[in-house]
Trainee: 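Here it is: the structure, laid out below.
The structure presented is a predicted model; accordingly, all values stated were derived computationally and were not measured. Chain identifiers are assigned alphabetically (A, B, ...) following the order of the sequence lines, protein sequences preceding nucleic acid strands; residue numbering begins at 1 within each chain.
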Amino acid sequence: MSDRGKFQAIKGVRDILPPESALWNRVEQAGREVFGTFGFAEIRLPIFEHTELFARAVGGETDIVSKEMYTFVDRPSGELAIQRESIIEIPGFAAVKAKSEGYRPDFQRYQALLRKAIELGEVSVDQNTERQIALFDEILDSMNATEPAFHIQLLTLREFVRTIPIGENLSLRPEATASVVRAYIQHGMQVQPGNVKLYYMGPMFRRERPQKGRYRQFYQIGAEVLGPSDAPGIDAEVIEMLMAFFDRVKLKGASLSINSIGCKQCRPAYVEKLRAELEKLREQLGADSQRRIETNPLRVLDSKLEHEQAIIEKLPRIAENLCSECSAHYGEVKRQLGLRGIAYQENWRLVRGLDYYMRTTFEITATGLGSQNAVCGGGRYDGLVEMLGGQATTKGIGFAIGTDRLILSLQEQGAGETPGGAAGRAGGPDVYLAWFGAAAQTAAIGLARRLREAGFVVELPAAEMKFGKSLGLADRLKARHAVILGDNELAAGVVAVKRLADGSQQKLGELELFSYLRAERAAGEE
RNA sequence: GCGCCCGUAGCUCAGCUGGAUAGAGCGUCUGGCUAUGAACCAGAAGGCCGGGAGUUCGAAUCUCUCCGGGCGCACCA
């Protein structure tokens, strides 16, 4: 990038400008309202957490964790950091020579602090630094006091201290489920009656190749149900809520797919069966699918390659390999969806990439999004709470809506054109208050305040303009009315109101003005 | 991460096989317009042709590379 000092947004991120931002507000507001009616409450989460949280929840082997997170080492603090500073400040070889033995306790102290910090998880290290630390231990343990080896060892240690990253390892969240579960555990929410129902909305971060509807800072609206029950009715209600939300935002062509991917009991057996079957067919598969035989056989089912489709069709299906509990659960979820009148398609090839999913999985696709056509994905994750250190009996299910894609799809359907609603009135102000002369400005300021208090959107010119200019600006700002306040009106104790659409104009007192504008607003909202 | 395509005023685009001070429409600003906007008329501002390097007498145009974007793959909510 070299636009000569001009700043521009980082690759893969973007600004959401008016009037598009009005649509965002409308969508998020719809979420708050719909989720609220289902008894969900908002949780506001930090956008960064310990890297380890995501690694554990999402799965250390997934691309998300291994290469798509924005990860950084925080600056160290406390005694460890102070000790580190004093070691780094140890002068060079020649100066040290005279009294090097005196530094030994400093290193030992640092080593002890470091070990403790690692143990407590306050310092996280990768393989590379682990090697350094091991070497550090080794040298320190076997350090001998003979010259000049001692000095060399000392300076080597100093260098290690300088380069070992000792801050906490943090990451911008790539998704929010892990954070919700962390918060659930941290705040002891298992003592709350029934299941805890939470929703969230906000930015997530993934260092992916940008594409339409796929940004490095992207937004999600999601909800989770956590608690002791895994009743299929919960799965169905969560999906019902989701569909109610899409209905509320008037998303057309939303299509629901569901599947069950089994549990800890039955899935591994199925995966092995699938792997064995794929192994026999290896020669007929593409390179990617061949690789997945080892890494994640389930994802072969997702393949879009034309020539693999016939092969995939004949593979064993999980629905026929579920244990009796999972099978019953899945059946009941479908029945419960039926009770709610929710149309769905079973998609036996719908698998989830993240480790924590089990049993029910679902996905909603929308139109107008190209190959990135999923706007929402979700599923059950009964083992996750335990995996993150909570009660083993806690169950969970949730979903996340890709807000960027939802907005994109709504825009394709023309939603951007009609931003109504008082908050997101992109159509311009109700009133453009054109004043002329110092006395009129005084009156206009007061009138503007009263109009705004009554909820009207008022544009008040900050400086005096020529008459024609002022009305011209009113027009270009798409104001609905121009209220004209000059010496004539001031003297008569009225204002002139002009409806810009048809040019009709009348003189009104302030009380009449308010009732006139209210009537106009009511007419406009129909 | 891989492959293909794209990058000229704020926006949408023109610019012939390399040729002189790079154009248009829309938008913005100013004036025609001393109490009436949209229409119309006149004018102005706004570009190192995404950046850099190279080929050439000469590059917006050809080559390389970097940056940014789009589409598909991979991965994934």
Trainee: What is the distance, rounded to the nearest whole Å, between atom CZ of Arg207(A) and atom C1' of rC75(B)?
Mentor: 15 Å
Trainee: At under 4.0 Å between heavy atoms, what does Ala474(A) touch on the DNA or RNA strands: base, sugar-phosphate, or nothing?
Mentor: nothing
Trainee: Tell me which nucleotide, if any, is Watson-Crick or G-U wobble paired with rG7(B) when both distances must be under 3.5 Å.
Mentor: rC67(B)
Trainee: Taking atom P in both rA35(B) and rC40(B), what distance in whole Å separates the two?
Mentor: 25 Å
Trainee: Under 3.5 Å, sequence neighbours excluded: what are the donor-acceptor pairs made by side chains of residues 459-469 of chain A?
Mentor:
from      : atom 1 : to        : atom 2 : distance (Å)
Glu464(A) : OE2    : Gly437(A) : N      : 2.8

Trainee: Measuring only the P atom in each nucleotide, how far is rC75(B) from rC62(B)? A whole number of Å is fine.
Mentor: 37 Å
Trainee: Which nucleotide, in any strand shown, forms a Watson-Crick or G-U wobble pair with rG1(B), with both distances under 3.5 Å?
Mentor: rC73(B)
Trainee: What I want to check is whether the side chains of Glu224(A) and Tyr184(A) have a donor and an acceptor closer together than 3.5 Å.
Mentor: no
Trainee: Salt bridge between Asp235(A) and Arg380(A), side-chain N to carboxylate O under 4.0 Å?
Mentor: yes
Trainee: Counting any heavy atom closer than 4.0 Å, what does Arg173(A) reach on the DNA or RNA strands: base, sugar-phosphate only, or nothing?
Mentor: nothing
Trainee: Could you work out the separation of rG52(B) and rU17(B) based on their P atoms and round it to a whole Å?
Mentor: 26 Å
Trainee: When you compare rC6(B) with rA42(B), how far apart are their C1' atoms, in angstrom units rounded to a whole number?
Mentor: 38 Å
Trainee: Heavy-atom nearest nucleotide on RNA chain B for Gly472(A) versus Glu208(A): which residue maps closer to 5'?
Mentor: Gly472(A)
Trainee: Using a cut-off of 4.0 Å on non-hydrogen atoms, how would the nucleic acid contact of Gly379(A) be classed: base, sugar-phosphate, or nothing?
Mentor: nothing
Trainee: For Arg214(A) and rG69(B), give me the distance from atom CZ to atom P, rounded to whole Å.
Mentor: 14 Å
Trainee: Separation of Asp404(A) atom CG from rG70(B) atom P, in whole Å?
Mentor: 12 Å
Trainee: For rC75(B), does either OP1 or OP2 sit under 4.0 Å from a side-chain N or O belonging to Arg292(A)?
Mentor: yes
Trainee: Would you tabulate the nitrogen or oxygen pairs shorter than 3.5 Å linking the protein to nucleotides 32-36 of chain B?
Mentor:
from    : atom 1 : to        : atom 2 : distance (Å)
rA35(B) : N6     : Asn488(A) : N      : 3.3
rA35(B) : N6     : Asn488(A) : ND2    : 3.0
rA35(B) : N6     : Glu489(A) : OE1    : 3.3
rA35(B) : N1     : Glu489(A) : OE1    : 3.1
rA35(B) : N1     : Glu489(A) : OE2    : 2.9
rU36(B) : O2     : Lys498(A) : NZ     : 3.0
rU36(B) : O2     : Gln505(A) : OE1    : 3.4
rU36(B) : N3     : Gln505(A) : OE1    : 2.9
rU36(B) : N3     : Gln505(A) : NE2    : 3.3
rU36(B) : O4     : Gln505(A) : NE2    : 2.8

Trainee: Provide, to the nearest angstrom, the distance between the CE atom belonging to Met201(A) and the C1' atom belonging to rA77(B).
Mentor: 16 Å
Trainee: Ion pair present between Lys395(A) and Asp382(A), side-chain N to carboxylate O less than 4.0 angstrom?
Mentor: no
Trainee: For the residue pair Tyr344(A) and Phe362(A), establish whether any side-chain heavy-atom pair is separated by less than 4.5 Å.
Mentor: no
Trainee: Between C1' on rC75(B) and CZ on Phe218(A), what's the gap in Å once rounded to a whole number?
Mentor: 12 Å
Trainee: Side-chain N or O of Lys478(A) versus OP1/OP2 of rG37(B): is the shortest distance under 4.0 Å?
Mentor: no
Trainee: Looking for any heavy atom pair under 4.0 Å, which part of the strands does Gly378(A) touch: base, sugar-phosphate only, or nothing?
Mentor: nothing
Trainee: Check every strand shown and say whether Gly402(A) touches a base, only sugar-phosphate, or nothing at a heavy-atom separation below 4.0 Å.
Mentor: nothing
Trainee: Taking the six-membered ring for Trp, are Phe40(A) and Tyr199(A) ring centroids under 6.0 Å apart?
Mentor: no
Trainee: Base, sugar-phosphate alone, or nothing: which one does Gln220(A) contact when heavy atoms must sit under 4.0 Å apart?
Mentor: sugar-phosphate
Trainee: Given the P atoms of rC16(B) and rC11(B), what is the spacing between them in whole Å?
Mentor: 22 Å
Trainee: Give the rounded distance in Å between these two atoms: CG of Leu242(A) and C1' of rA77(B).
Mentor: 12 Å
Trainee: Can you tell me, in whole Å, how much space there is between the P of rU21(B) and that of rC26(B)?
Mentor: 28 Å
Trainee: Counting only side-chain nitrogens and oxygens, does Arg476(A) get under 4.0 Å of the OP1 or OP2 atom of rU28(B)?
Mentor: yes
Trainee: Let's test this: given Watson-Crick or G-U wobble pairing with both distances under 3.5 Å, identify the partner of rA44(B).
Mentor: rU28(B)
Trainee: Lys212(A) NZ to rC73(B) C1': how many Å, rounded?
Mentor: 18 Å
Trainee: Between Ile10(A) (CD1) and rC67(B) (C1'), how many Å, whole number?
Mentor: 14 Å
Trainee: Looking at Arg182(A) and Glu49(A), is any side-chain nitrogen of the basic one under 4.0 Å from a carboxylate oxygen of the acidic one?
Mentor: yes
Trainee: What I want to check is whether the side chains of Trp24(A) and Glu28(A) have a donor and an acceptor closer together than 3.5 Å.
Mentor: no
Trainee: Is there a Watson-Crick or G-U wobble partner for rG23(B) with both distances under 3.5 Å, and which nucleotide is it?
Mentor: rC13(B)
Trainee: Would you tell me whether Gln217(A) and Tyr219(A) have side-chain atoms, one donor and one acceptor, within less than 3.5 Å of each other?
Mentor: yes
Trainee: Tell me which of Gly12(A) and Ala400(A) sits closer to the 5' end of RNA chain B, going by the nucleotide each one is nearest to.
Mentor: Gly12(A)
Trainee: Flag the pair Arg499(A) and Glu520(A) as a salt bridge only when some basic side-chain nitrogen lies within less than 4.0 angstrom of an acidic carboxylate oxygen.
Mentor: yes
Trainee: Any strand is fair game: report the nucleotide pairing with rC49(B) by Watson-Crick or G-U wobble, both distances under 3.5 Å, or none.
Mentor: none
Trainee: What protein N or O atoms touch nucleotides 3-7 of chain B N or O atoms at under 3.5 angstrom, if any, and at what distances?
Mentor:
from   : atom 1 : to        : atom 2 : distance (Å)
rG3(B) : O6     : Arg209(A) : NH2    : 3.3

Trainee: Contact class for Ala176(A) vs. all strands (heavy atom < 4.0 Å): base, sugar-phosphate, or nothing?
Mentor: nothing
Trainee: Identify whether any heavy atom of Glu363(A) sits under 4.0 Å from a base atom; if not, whether one sits that close to sugar-phosphate; answer base, sugar-phosphate or nothing.
Mentor: nothing
Trainee: Does the distance from a Lys or Arg side-chain N to an Asp or Glu carboxylate O, for Lys334(A) and Glu346(A), drop under 4.0 Å?
Mentor: yes
Trainee: Need one value for Arg14(A): base, sugar-phosphate or nothing, where a base atom within 4.0 Å counts as base even if backbone is also close, heavy atoms only.
Mentor: nothing
Trainee: When the P atoms of rA45(B) and rC2(B) are considered, how many whole Å apart are they?
Mentor: 46 Å
Trainee: Does any donor atom in the side chain of Ser257(A) or Asn347(A) lie under 3.5 Å from an acceptor atom in the other side chain?
Mentor: no
Trainee: For the side chain of Pro210(A), counting heavy atoms from C-beta on, which of rG70(B), rG68(B), rA74(B) is nearest?
Mentor: rG70(B)
